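Below, all heavy atoms of this structure are taken into account, side chains as well, without hydrogens, waters or symmetry copies. Quick caveat: nothing in here was measured; it's all calculated off a predicted structure.
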Amino acid sequence: MKLGVCLFLLLLVSGSADSRCFCQVTGDLDDCTCDVETIDSFNNELLFPKLQTLLESDYFRFYKVNLNKPCPFWTVSSHCGLKDCAVKPCKPVSLHLLLEFYILFLIPEGDLETREALLNWSKHDDEAERFCVLEDEGSPDSQYVDLLLNPERFTGYKGPEAWRIWNSIYEENFYTLFNRCPLTKAFTFIITAKTFHRWLEGQCVEKRAFYRLISGLHASINIHLSARYLLDDSWFQKTWGHNVSEFRGRFDSELTAGEGPKRLRNLYFLYLIELRALAKALPFFQQPSFQLYTGRAEEDQRHKELLLHILQLARSFPLHFDETSLFTGDEKEAAKLKEDIRLAFLNISRIMDCVGCFKCRLWGKLQTQGLGTSLKILFSERQIEALPSSSDQRPRFQLSRQEIVSLLNAFGRISTSIRELKTFRSLLAEDG
């Protein structure tokens, strides 16, 4: 994935969650004019329902991805053998054969228009790839995956292999990025949470931001797994739902040495970042030449109108974060810092190819790419402002279909997490 981006985020909010409930995150967020209550109201009442409708459309439900890349960092001894870890389809012979297979066998019968349209997608995307060719899209191992048929949920993938992924993300990337700090790696294994955050606050805001960016993503994924947990696996059916005990184990302050509420606050920071990117991307999607092409002209136009409505809604949010306050000062030092963080984020995206659960790998790759696309947008302001008024001119800023699909679906995951927090608060209140 090519990310001509630089990373940023907000400062970590100090303080604990509301004493009535560890997940009752409230109040103002540091270093911005926003508060949690405003985000909850805006997301749950205005944005979330419309976004879910958009993500169910054909353009956004099909994500093109290569799930067969080898892990570039270590040998993966085995893949998750559980049925719920699998992704359909999973072993394409070639992209065109995969499309044909997918259309013939995985698209519901009677939906002939969707089948025919998918056959035209590759040709249509090839034209866009002249401006933004992504590694996964061009690979012969790439495949279209129906995200609605492969939802993100708890698959049973856990243990040393799963822990190794997050340990690599945090330890190898953060302590490489922060290598100027005298804290040794040996010490990091025995460092307490309190000591870690005191050390973290001694770093520059951009490096602290990078940690909180990934922490927010980690928190969001853990909420999804807790909200769609396998509650019952009988021989005739499976029941998925909210697992309050799992949620407590991941976020209860007492069970996480005080870390749980901090992780939830980082989720809200991440929400602000991706919301800001959607707002700034509006001019790109407003171009008359842009279309959500699936081969159904009327539906494509209706879905574009819905997309523009969502982006205009994002732009209307009253308390956006101002990203221009970051990477200021000496130009050379700022440029070096941007590049260091960009490479660290790129490294994290490559770690997703080491995930042994294919469904977890799918959603991990989608959400890291979506975040990367958000950052690409945020730091391409000049290129977006310079978008040509005529389709005859070649724009400097482009987004591929894959970037667009990952951008909206990744934000959809964050939006869903914010909404699920409301549900968990109610469930916890019922438990007393």
Side-chain angles (χ1 to χ4, degrees), residues 1 7 9 12 67 69-80 82 85 152 154-200 203 207-226 246-247 249-252 255-264 266-267 270 340-369 371-372 413:
M1 178 172 58
L7 294 177
L9 199 60
L12 179 66
L67 296 176
K69 281 186 174 181
C71 174
F73 302 107
W74 63 80
T75 300
V76 178
S77 57
S78 62
H79 291 292
C80 175
L82 299 174
C85 287
E152 183 181 25
F154 184 80
T155 64
Y157 178 65
K158 57 184 178 179
E161 289 293 331
W163 277 106
R164 186 176 189 181
I165 299 297
W166 286 110
N167 286 342
S168 297
I169 289 174
Y170 285 114
E171 292 178 5
E172 295 180 15
N173 290 282
F174 293 128
Y175 296 117
T176 297
L177 183 63
F178 303 159
N179 59 6
R180 296 176 183 174
C181 178
L183 184 66
T184 66
K185 188 170 183 180
F187 180 66
T188 66
F189 289 104
I190 59 173
I191 189 173
T192 65
K194 183 176 181 180
T195 304
F196 170 75
H197 285 287
R198 186 165 60 244
W199 165 75
L200 186 64
Q203 299 293 311
K207 291 184 179 181
R208 296 197 304 267
F210 179 59
Y211 166 78
R212 287 148 197 154
L213 182 91
I214 304 304
S215 173
L217 178 60
H218 194 180
S220 180
I221 292 174
N222 281 335
I223 291 173
H224 305 156
L225 303 186
S226 301
E246 185 73 16
F247 182 77
R250 296 175 186 269
F251 296 106
D252 191 317
L255 300 177
T256 60
E259 287 299 290
K262 293 184 176 70
R263 296 166 184 165
L264 293 177
N266 290 338
L267 167 67
L270 178 60
D340 287 345
I341 294 179
R342 185 190 74 84
L343 292 175
F345 184 80
L346 182 60
N347 192 56
I348 289 175
S349 69
R350 296 175 67 206
I351 291 177
M352 292 300 107
D353 289 315
C354 301
V355 177
C357 165
F358 283 108
K359 188 170 292 182
C360 306
R361 181 183 297 197
L362 164 67
W363 286 100
K365 288 170 76 74
L366 181 145
Q367 290 176 82
T368 52
Q369 184 180 34
L371 177 54
R413 295 282 76 205

Enquirer: Between Arg350 and Pro72, which heavy-atom pair has the shortest distance, and what is it?
Expert: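 Reported closest heavy-atom pair: NH2-CB, 3.4 Å.
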Enquirer: Return yes if some donor-acceptor pair links the side-chain N/O of Arg263 with the main-chain N/O of Arg250 below 3.5 Å, else return no.
Expert: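 The answer is yes, because a donor-acceptor pair under 3.5 Å joins these two groups.
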Enquirer: With respect to the side-chain SG atoms, do Cys85 and Cys357 come within less than 2.5 Å?
Expert: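 No disulfide here.
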Enquirer: Under a 4.5 Å cut-off applied to non-hydrogen side-chain atoms, are Trp74 and Ser168 in contact?
Expert: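 Result yes, sub-4.5 Å side-chain heavy-atom pair found.
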Enquirer: Which heavy-atom pair separates Pro261 from Phe251 by the least distance, and what is that distance?
Expert: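 Nearest pair, atom of Pro261 first, then Phe251: CD-O, 3.6 Å.
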Enquirer: Rounded at 0.5 Å granularity, tell me how far OG in Ser215 sits from CZ in Phe210.
Expert: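 Rounded to the nearest 0.5 Å, the OG-CZ separation comes out at 12.0 Å.
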Enquirer: What closest approach, in Å, do Phe345 and Thr368 show between heavy atoms, and which atom pair accounts for it?
Expert: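 Taking every non-hydrogen atom into account, CZ-O, 3.3 Å.
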Enquirer: Locate the shortest heavy-atom distance separating Leu267 from Ala219; write the atom from each residue and the value.
Expert: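 Residues Leu267 and Ala219, closest heavy atoms: CB-CB, 4.5 Å.
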Enquirer: Enter the distance from Leu371:CG to Ile348:CD1 here, rounded to the nearest 0.5 Å.
Expert: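 Between Leu371 CG and Ile348 CD1, I get 9.0 Å after rounding to 0.5 Å.
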Enquirer: Report the C-alpha distance between Tyr170 and Ile165 in whole Å, list the side-chain angles of each, state the deciding distance to 0.1 Å, and finish with yes or no for side chain to side chain contact (heavy atoms under 4.5 Å, CB included).
Expert: CA-CA 9 Å; Tyr170 285 114; Ile165 299 297; over 6 Å; no
Enquirer: If you round to the nearest 0.5 Å, how far is OH of Tyr211 from NE2 of His218?
Expert: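 These two atoms lie 9.5 Å from each other.
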Enquirer: With rounding to the nearest 0.5 angstrom, report the CD1 to CG distance, Ile221 to Leu217.
Expert: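 Rounded to the nearest 0.5 Å, the CD1-CG separation comes to 4.5 Å.
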Enquirer: Excluding sequence neighbours, so at least two apart, what forms side-chain hydrogen bond (donor to acceptor under 3.5 Å, both in side chains) with Arg413?
Expert: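 For Arg413, the residues satisfying side-chain hydrogen bond (donor to acceptor under 3.5 Å, both in side chains) (neighbours in sequence not counted) are Glu152.
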Enquirer: Taking Asn167 for the side chain and Trp163 for the main chain, is one N or O donor matched with an acceptor at less than 3.5 Å?
Expert: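 Checking the backbone N and O of Trp163 against the side chain of Asn167, a donor-acceptor pair under 3.5 Å is found.
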Enquirer: Please examine the side chains of Pro70 and Cys354, heavy atoms only from C-beta on, and report whether any two atoms are closer than 4.5 Å.
Expert: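 When only atoms from C-beta onward are counted, Pro70 and Cys354 do not touch, as no gap falls below 4.5 Å.
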Enquirer: What distance separates Lys262 NZ from Thr256 OG1, expressed to the nearest 0.5 Å?
Expert: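 So the NZ of Lys262 and the OG1 of Thr256 are separated by 8.5 Å.
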Enquirer: Cut-off 3.5 Å, side chains only: do Asn266 and Arg212 have a donor facing an acceptor?
Expert: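 Looking only at side-chain atoms, Arg212 and Asn266 do not form any donor-acceptor pair under 3.5 Å.
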Enquirer: If the condition is side chain to side chain contact (heavy atoms under 4.5 Å, CB included), which residues does Leu255 pass it with, not counting sequence neighbours?
Expert: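 Once residues adjacent in sequence are excluded, the partners of Leu255 under the side chain to side chain contact (heavy atoms under 4.5 Å, CB included) criterion are Arg248, Asp252.
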Enquirer: Test your reading of the model: is there a side-chain donor-acceptor pair from Arg361 to the backbone of Val355, 3.5 Å cut-off?
Expert: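 Here the side-chain-to-backbone pair exists.
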Enquirer: Taking side chain as C-beta onward, heavy atoms only, is Thr155 less than 4.5 Å from Phe358?
Expert: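 No, their side chains stay 4.5 Å or more apart.
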Enquirer: Does any part of the side chain of Ser349, heavy atoms only, come nearer than 4.5 Å to the side chain of Gln369, both counted from C-beta?
Expert: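 The answer is no; the side chains never approach within 4.5 Å.
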Enquirer: Once rounded to the nearest 0.5 Å, what's the spacing between atom NZ of Lys365 and atom CD1 of Ile351?
Expert: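 One gets 12.0 Å once the value is rounded to the nearest 0.5 Å.
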Enquirer: Do Leu67 and Asp353 make a side-chain contact, defined as non-hydrogen atoms from C-beta onward lying under 4.5 Å apart?
Expert: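 No - every pair of side-chain heavy atoms lies 4.5 Å or more apart.
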Enquirer: Just jot down the ring pair (Phe, Tyr, Trp, His ring centres under 6.0 Å) partners of His224, sequence neighbours excluded, or say none.
Expert: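 With sequence neighbours excluded, His224 shows a ring pair (Phe, Tyr, Trp, His ring centres under 6.0 Å) to no residue whatsoever.
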Enquirer: So, does Tyr157 use its side chain to make a donor-acceptor pair with the main chain of Gly356 at under 3.5 Å?
Expert: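 Confirmed, Tyr157 side chain pairs with Gly356 backbone.
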